[in-house]
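Numbering starts at 1 and runs along the sequence shown. In each ligand, atom 1 is the first atom listed, and ligand 1 is the first ligand listed.
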Amino acid sequence: MKLNIALLAGDGIGPEVIAQAVKVCDAVAIKFNHKITWKPALTGAAAIDAVGDPYPDETHEICLNADAVLFGAIGHPKYDNDPSAKVRPEQGLLKMRKKLGLFANIRPTFTFPSLIDNSPLKRERIEGTDLVFLRELTGGIYFGEKGRKDNGETAFDTCTYTREEVVRLAKKGFELAMTRTKKLCCVDKANVMETSRLWRETVQAMEKDYPEVTVSYEFVDAVAMRLVQWPNSYDVLITENLFGDILTDEASVISGSMGLMPSASVGEKNALYEPIHGSYPQAAGKDIANPLATVLSAAMMFEDTFHLKEEAKAIRDVVNKSLEQGIVTEDLAGKNKAYKTSEVGNWLVNNL
Ligand code: IPM
Ligand code: MG
């Protein structure tokens, strides 16, 4: 099969972790007889430095025409403490999500048996956790009207949702629930927010189309609490953009390292795969960042976009093997030997 993949390394550790994922994908392609064409493109701070735009039109064209996008990370510290910066790397990410119509962000959280004790949570709380967040990604307060008034003394961000936006996300949630344990949790703040009441009434109205799915409705603050108390009581969770941003970071600690969790952002036509961690600028260029979240994102890409299940499984199996054998970067090594980012990548390739 011919796979045409846009490659957006981005900032910070992005290029290093992406390089490992590319090696692994190329090895998979050889093993299973596929032909991958990588189309590198600029994004984030790297793109601002080069052309003054964190998501240039040229990058958009490349993404639009690719079968899938593999993405590293975005963000640079020189912008973080400068609220007056005119363009910010993160705007590139938001523009990319919006322009590619990537409305559903799929963020799984699961535990690795060999890493259970790396989690800050107790073993008996997290064992067996296997949940998926479906975060709405192109609406809500991220994209609503925002600004300043009263001579800059008042600031506002508006949260807006249309029923249609809720329906398309919830539909993905119901469909995913049908392939799993048929349990769906709608996370909202319907006791306070009007947009949440729209979410709740819309999802309630869809229940009749999926009679086998058991839906629960929970407030976001309660979910934040239960997620670390009883994570394995959840399966598929659907929620709006900002709640999903916060809860998925929280959920990522369950697995023991943020450096492990993959994600996909999908729309009607395009799909983008990226690790859920950020650009980790302190580690950039040091060859120490954990590449596994990016490698596992590539596995999601093989499975979801290309429907190549065996290829995805081969990647997941070799990742599990590396964890079991302690071929891990410093975030997971503890007192044992820490391998370099590139060494982990090479090991994966040699053991595929
Ligand atoms: C994420 C990130 C982004 C977001 C930032 C970098 C804009 O935190 O993908 O979760 O808030 O969506
Ligand atoms: Mg986030």
Side-chain angles (χ1 to χ4, degrees), residues 8-14 17-18 42-48 53-55 59 63 69-83 85-109 131-144 146 157-161 165 169 187 220 223-224 227 237-255 257-267 270-284 289 293-294 296-297 300-301:
L8 275 51
D11 304 321
I13 58 168
V17 293
I18 280 286
L42 285 171
T43 181
I48 300 179
D53 182 346
Y55 186 59
T59 300
C63 292
V69 182
L70 190 62
F71 180 77
I74 225 169
H76 193 285
K78 75 180 169 197
Y79 299 94
D80 291 347
N81 296 320
D82 178 10
K86 292 233 158 37
V87 274
R88 321 181 63 79
E90 290 79 3
Q91 287 166 345
L93 190 60
L94 301 183
K95 201 169 143 194
M96 175 166 75
R97 289 172 179 169
K98 196 71 174 180
K99 286 183 76 173
L100 291 173
L102 307 174
F103 65 85
N105 183 214
I106 306 165
R107 295 190 171 184
T109 289
L131 56 87
V132 187
F133 271 96
L134 270 173
R135 164 188 173 193
E136 200 291 326
L137 205 57
T138 52
I141 204 162
Y142 273 63
F143 293 93
K146 58 181 86 233
D157 296 278
T158 323
C159 184
T160 307
Y161 269 107
E165 286 172 319
L169 192 276
V187 184
V220 60
V223 173
L227 197 55
L237 301 101
I238 52 173
T239 192
E240 63 93 56
N241 206 342
L242 182 62
F243 297 161
D245 178 47
I246 299 167
L247 292 178
T248 53
D249 264 25
E250 186 191 353
S252 76
V253 302
I254 296 169
S255 71
S257 170
M258 235 199 170
L260 291 171
M261 290 294 122
S263 79
S265 301
V266 302
N270 295 94
L272 175 142
Y273 297 85
E274 63 172 313
I276 82 152
H277 60 68
S279 59
Y280 191 14
Q282 304 87 326
T294 314
L296 291 169
S297 300
M300 276 179 99
M301 173 178 77

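When atom types are taken as modelled, the side chain of Ser297 and the backbone of Pro262 share no donor-acceptor pair closer than 3.5 angstrom. Side-chain N or O atoms of Arg135 include one that pairs as donor or acceptor with a backbone N or O of Asn241 at under 3.5 Å. Panel note: side chain Asp11, backbone Pro89; no donor-acceptor pair is recorded below 3.5 Å.
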Expected rows: ligand 1 N/O, protein N/O, dist below 3.5 Å:
| residue | atom | partner | partner atom | Å |
| --- | --- | --- | --- | --- |
| ligand 1 | 8 (O) | Asp245 | OD1 | 3.3 |
| ligand 1 | 9 (O) | Arg97 | NH2 | 2.7 |
| ligand 1 | 9 (O) | Arg107 | NH2 | 2.9 |
| ligand 1 | 10 (O) | Arg107 | NH1 | 3.3 |
| ligand 1 | 10 (O) | Arg107 | NH2 | 3.1 |
| ligand 1 | 10 (O) | Arg135 | NH1 | 3.1 |
| ligand 1 | 10 (O) | Asp245 | OD1 | 2.9 |
| ligand 1 | 11 (O) | Tyr142 | OH | 2.5 |
| ligand 1 | 11 (O) | Asp245 | OD1 | 3.4 |
| ligand 1 | 12 (O) | Arg97 | NH1 | 2.7 |
| ligand 1 | 12 (O) | Arg135 | NH1 | 3.4 |
| ligand 1 | 12 (O) | Arg135 | NH2 | 2.8 |

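In this structure, Thr109 OG1 and Leu260 CG are separated by 11.0 Å, a value rounded to the nearest 0.5 Å. Rounding to the nearest 0.5 Å places OH of Tyr55 at 10.0 Å from CG of Leu93.
Shown here are the protein N/O/S atoms lying under 2.8 Å from the Mg ion (ligand 2), water excluded: Asp245 OD1.
Side-chain N/O atoms of Tyr142 and Asp157 include no donor and acceptor closer than 3.5 Å. Tyr161 and Glu136 are linked by a side-chain donor-acceptor pair at a separation below 3.5 angstrom, with hydrogens and angles left out of the test.
Using a 4.5 Å cut-off on side-chain heavy atoms (C-beta onward), Met96 and Leu272 make contact.
A salt bridge does not link Arg88 with Asp82: every distance from a Lys NZ or Arg NE/NH1/NH2 to an Asp or Glu carboxylate oxygen is 4.0 Å or more.
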